[in-house]
Amino acid sequence: LRIILLGVDSRQVNFARLRNWLTRSSERTRPCSNMEYEHLDDEYDCFCVGDAVREYREYMGYPIADKPQRLPKDRVEACFKLVEEELEEFRDTLSRRNTMTSIVWGAYTLSNIVSAVVGIAVEMGIPFDQVFEEVHRSNMTTPIDDEYGTVDENGRVRLPPVGVPPDILSIIKEAQQ
């Protein structure tokens with residue numbers, strides 16, 4: 001296997017870490033949590049975005065918290081700037097490229113946006129995959145009505161009532177132990 005790292009100074013690459021990552025690549029895909037996937041066959045493994053971003057941040061030597069905590073004050077502005085830069089790159093990609101290139105680079109920049117945002121969660125020690133699944137579970141309990149999503153006379157979008165609220169506090173408390 002030969003890997004070409006374009007635009008990367010080879011003196012900055014930790015080849016031992018890269019080799020270790022490549023060796024473990026077949027072991028990386030695993031179920032994200034205890035969530036049941038009854039509609040999938042036994043051979044299905046999900047890809048855990050939080051775990052993948054954590055792995056990347058470990059590889060690069062970026063900050064990671066082992067338990068949930070506030071983002072350090074000196075990191076807040078840098079995190080916002082990173083997300084803003086990724087969003088701006090997405091905007092530029094969609095406005096300046098032909099259709100297929102726009103779709104491909106749009107997908108790429110959207111992945112970078114997700115990585116940036118989840119990276120902040122990892123830096124804060126938030127178990128992102130579990131929180132995301134809990135919010136998704138809550139969202140799926142939202143009642144459906146044809147009136148929701150319409151605009152009322154004041155120009156506001158009607159939102160549906162919340163179904164069963166997500167229990168994020170339990171996830172954070174468990175992660176702090």
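Positions are given from 1 along the sequence.
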Would a single hydrophobic cluster contain both [Y] and [X], if residues Ile, Leu, Val, Met, Phe, Trp and Tyr are joined by side-chain heavy-atom contacts under 4.5 Å?
X	Y	result
Val114	Val104	no
Val131	Ile120	yes
Ile168	Met124	yes
Val49	Val122	yes
Val117	Ile171	yes

Side chains of [X] and [Y]: does their closest heavy-atom pair fall under 4.5 Å?
X	Y	answer
Cys79	Glu123	yes
Leu110	Glu86	no
Phe80	Glu85	no
Ile113	Phe90	yes
Val83	Leu87	yes
Pro127	Ile172	yes

Any donor-acceptor pair under 3.5 Å linking the side chain of [X] with the backbone of [Y]?
X	Y	answer
Glu134	Asp167	yes
Ser115	Ser111	yes
Thr109	Gly106	yes
Arg57	Ile64	no

Interatomic spacing from [atom1] in [X] to [atom2] in [Y] - rounded to 0.5 Å:
X	Y	atom1	atom2	answer
Gln177	Lys67	CD	NZ	8.5 Å
Ile103	Leu94	CD1	CG	9.5 Å
Arg137	Phe132	CZ	CZ	13.5 Å

Does Arg91, at its CZ atom, have more than 12 non-hydrogen atoms belonging to other residues, nucleotides or ligands within less than 6.0 Å?
no
CD (Glu88) with more than 12 external heavy atoms under 6.0 Å
yes
Using 30° and 60° as the class boundaries, would you call the ring planes of Tyr108 and Trp105 parallel, tilted or perpendicular?
perpendicular
Please determine if Asp129 and Arg54 form a salt bridge, counting it only when a charged side-chain N lies under 4.0 Å from a carboxylate O.
no
Any ion pair linking Glu84 and Lys81 (charged N to carboxylate O, less than 4.0 Å)?
no
Atom of Ser138, atom of Val164 and distance for their closest heavy-atom approach:
OG-O, 2.5 Å
